[in-house]
2 protein chains.
Amino acid sequence: MGKHTILLKCNCKNMNILEKITQHKSAFSKSERKVAEVILANPQSAIHSSIATLAKMSDVSEPTVNRFCRRLDTKGFPDFKLHLAQSLANGTPYVNRHVDEHDGPDEYTTKIFESTMASLEVARQSVCVNTVNRVVDLLTQAQRISFFGLGASASVAHDALNKFFRFNVPVVYFEDILMQRMSCMNCGSGDVVVLISHTGRTKSLVEIAQIAKTNDATVVGITSANSPLAQECTYVLSLEVPEDTDMYMPMASRIAQLTLIDVLATGFTLRRGNKFRENLKRVKDTLRGSRFEKRGS
Amino acid sequence: MGKHTILLKCNCKNMNILEKITQHKSAFSKSERKVAEVILANPQSAIHSSIATLAKMSDVSEPTVNRFCRRLDTKGFPDFKLHLAQSLANGTPYVNRHVDEHDGPDEYTTKIFESTMASLEVARQSVCVNTVNRVVDLLTQAQRISFFGLGASASVAHDALNKFFRFNVPVVYFEDILMQRMSCMNCGSGDVVVLISHTGRTKSLVEIAQIAKTNDATVVGITSANSPLAQECTYVLSLEVPEDTDMYMPMASRIAQLTLIDVLATGFTLRRGNKFRENLKRVKDTLRGSRFEKRGS
DNA sequence: TAAATAATGTTAAAAAATTACATTTTTCTT
DNA sequence: AAGAAAAATGTAATTTTTTAACATTATTTA
């Protein structure tokens with residue numbers, strides 16, 4: 001790796017630096033990884049250590065620690081500590097509290113709402129804005145956009161369909177896996193295929209990614225980093241969401257995905273500019289007819 | 001003031017240091033106050049300055065700045081900066097901030113995530129727990145449960161289907177409005193029909209409520225209070241969600257609805273007891289086969 | 001007003017971080 | 001597989017930053 005290579009995968013300002021370290025661990029060199037481990041093991045103590053102490057603890061030289069910091073797009077060790085402190089400070093008001101067997105309606109309602117919010121906060125910090133921007137770019141230029149997901153993620157894909165459909169963009173969505181495959185086989189270079197999967201381990205979706213790729217489509221994954229699916233994607237929008245509290249279905253991750261789709265859609269309209277948004281308003285107005293009017297309007 | 005007097009009024013660890021500076025401004029000495037002013041004027045820049053820079057800006061000597069830090073119960077200047085950084089990070093509880101035309105990806109991403117969280121918080125506070133409890137009761141006793149919604153709310157209904165389907169309960173969902181009507185015409189007194197609509201003003205959904213009601217079904221509305229739909233329902237789970245930031249689709253309200261469905265599902269399983277949940281786990285395990293295993297498991 | 005005390009500054013020492021460069025390790029090429 | 005190139009890591013010196021010790025100045029009070 002070059003002398004001053006900053007980790008390129010992402011250097012978003014809003015991104016929690018701990019997330020950043022975790023996500024890019026594979027991109028670190030051997031010694032840098034040692035530093036990463038030590039910091040992740042006890043970030044709280046790291047912010048109170050000098051570079052010398054940290055170097056000794058990680059069993060590397062001081063400049064290595066310094067280089068580690070720079071790689072994370074900070075100005076140096078003190079600056080890195082500042083960032084780290086800020087990450088730790090986000091004393092997440094909402095905590096991921098698990099529902100307990102003996103909880104009454106009051107408790108479980110609160111817990112579920114709060115842990116959903118907590119997950120969203122975590123997700124927000126793990127999203128790489130640069131990638132968001134690049135994906136929005138792609139979407140605006142796509143000749144056709146496909147959204148695919150399976151199981152719980154299918155509804156997210158469906159949601160994406162609804163959103164982008166209103167933009168009057170050629171957009172495709174299938175629930176059926178065979179249809180998804182067939183659709184991907186007909187892909188061309190103008191196609192953007194967005195695949196949604198929390199774990200990124202669903203075999204058939206990984207296959208679809210491969211099919212789309214061999215047909216020159218750009219494959220965007222909304223999935224967890226370093227998963228098999230992520231490996232097959234051209235771009236990965238990774239969402240780290242805490243282990244699901246929900247015992248039956250991945251709730252938190254789906255909410256995060258939905259929100260991310262919303263972000264993409266918003267980016268899309270912003271990129272398209274004013275006139276486009278006016279059109280959109282007209283589409284919305286069309287729906288009025290099927291509604292009871294509010295009194296006074 | 002003594003040599004090493006620490007400000008006594010409050011030295012809570014968790015207290016925002018900016019607050020602390022403001023509150024204790026009167027207790028500072030003349031020079032220290034100068035430092036305080038400069039820091040308060042632009043805390044963001046303060047955390048990136050050296051003690052020398054800050055001293056010059058405040059027009060005091062460096063040790064004065066250092067003493068200022070110690071007075072605030074920090075170990076020294078670097079430690080003070082750490083605290084300050086954390087205070088700045090902590091700020092901004094979630095507010096409903098609207099996306100602006102000129103927002104970059106950084107801004108709109110943050111805004112959307114944060115306003116989603118804000119909406120969830122509002123929604124949480126508006127949910128009536130007693131009604132939740134009663135509805136859970138109803139659902140556990142129902143002979144058949146139907147979930148209907150239109151447009152954006154359709155996906156919420158779909159989600160509900162997925163959740164309750166796993167419980168091995170007779171559950172029904174149709175996207176098509178005619179199918180919904182027909183289904184409601186065949187309702188009996190053991191039926192619970194859950195209707196989802198943000199505004200509660202969609203004509204056809206109100207009609208469905210009426211049909212279900214005349215056929216002795218119990219009608220539960222997840223909608224806004226006092227809406228035409230709410231009027232037709234036996235029970236209303238009202239979700240007050242702030243005006244949508246989203247220009248094209250009701251995003252926040254849908255997230256709130258999904259979360260509420262999750263609450264209902266959770267209540268449902270808790271009511272059903274232990275054995276039931278074990279069954280559920282088995283259903284979940286069945287899905288394993290279609291996945292790539294995580295290494296190590 | 002003079003002594004006492006607190007506040008502030010000056011200078012020097014210590015600590016910490018960074019740079020420049022040397023050495024080792026890894027990777028790639030032929 | 002040997003050797004060249006590139007990358008990674010470390011060593012030592014330099015620079016920056018912070019802190020301590022002490023001197024000076026302002027402020028209070030008896």
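When rounded to the nearest whole Å, the span between CZ of F68(A) and P of dA17(C) equals 15 Å. Per the geometry, NZ belonging to K56(A) stands 13 Å off P belonging to dT11(D), to the nearest Å. Rounded to whole angstrom, the span from the CZ atom of F77(A) across to the C1' atom of dT17(D) amounts to 14 Å. I51(A) places its CD1 atom 11 Å from the P atom of dA16(C), with the value rounded to the nearest Å. Remark: P of dG9(C) and CG of L54(B) are 13 Å apart, rounded to the nearest angstrom. A straight line from NZ of K81(B) to C1' of dT19(D) spans 14 Å, rounded to a whole angstrom. Atom NZ of K75(B) is separated from atom P of dT18(D) by 15 Å (rounded to the nearest Å). Distance CZ (F28(B)) to P (dT8(C)): 12 Å, rounded to an integer number of Å.
Between F28(A) and F68(A), the two ring planes are tilted [angle within 30° to 60°]. Using a 30° and 60° split on the angle between ring planes, H158(A) and Y173(A) fall in the parallel class, below 30°. Under the 30°/60° scheme for interplanar angles, the aromatic rings of F164(A) and F147(A) are found to be tilted.
Taking the side-chain hydrogen bond (donor to acceptor under 3.5 Å, both in side chains) definition, one finds that S31(A) meets it with nothing, sequence neighbours left out.
The side chain of S61(A) lies closest to dG10(D), out of dT19(D), dG10(D), dG9(C). The side chain of S29(B) has dT8(C) as its nearest neighbour among dT8(C), dT19(D), dA12(D).
Note on N66(B): a side-chain N or O is less than 4.0 Å away from OP1 or OP2 of dT19(D). For dT27(D), one of the phosphate oxygens OP1 or OP2 lies less than 4.0 angstrom from a side-chain nitrogen or oxygen of K30(B). Distances shorter than 4.0 Å separate some side-chain N or O of S31(B) from OP1 or OP2 on dT8(C). Between T64(A) and dA8(D), a side-chain N or O to OP1/OP2 separation shorter than 4.0 Å is absent.
Judged by distance alone, the side chains of T116(A) and S119(A) never bring a donor and an acceptor atom under 3.5 Å apart.
Using a cut-off of 4.0 Å between Lys/Arg side-chain N and Asp/Glu carboxylate O, E37(A) and K34(A) are scored as not salt-bridged. Salt-bridge annotation for E32(B) and R67(B): absent, with no side-chain N of the basic residue lying under 4.0 Å from a carboxylate O of the acidic one.
Residue contacts for P78(A): at a heavy-atom cut-off of 4.0 Å it reaches the sugar-phosphate backbone alone, with no base atom in range.
Consecutive Watson-Crick or G-U pairs involving DNA chain D, each under 3.5 Å on both distances, make up stems of three or more pairs at C:1-30 with D:1-30.
Comparing D79(B) and V60(A) along DNA chain D, the residue whose closest nucleotide (by nearest heavy atom) sits nearer the 5' end is V60(A).
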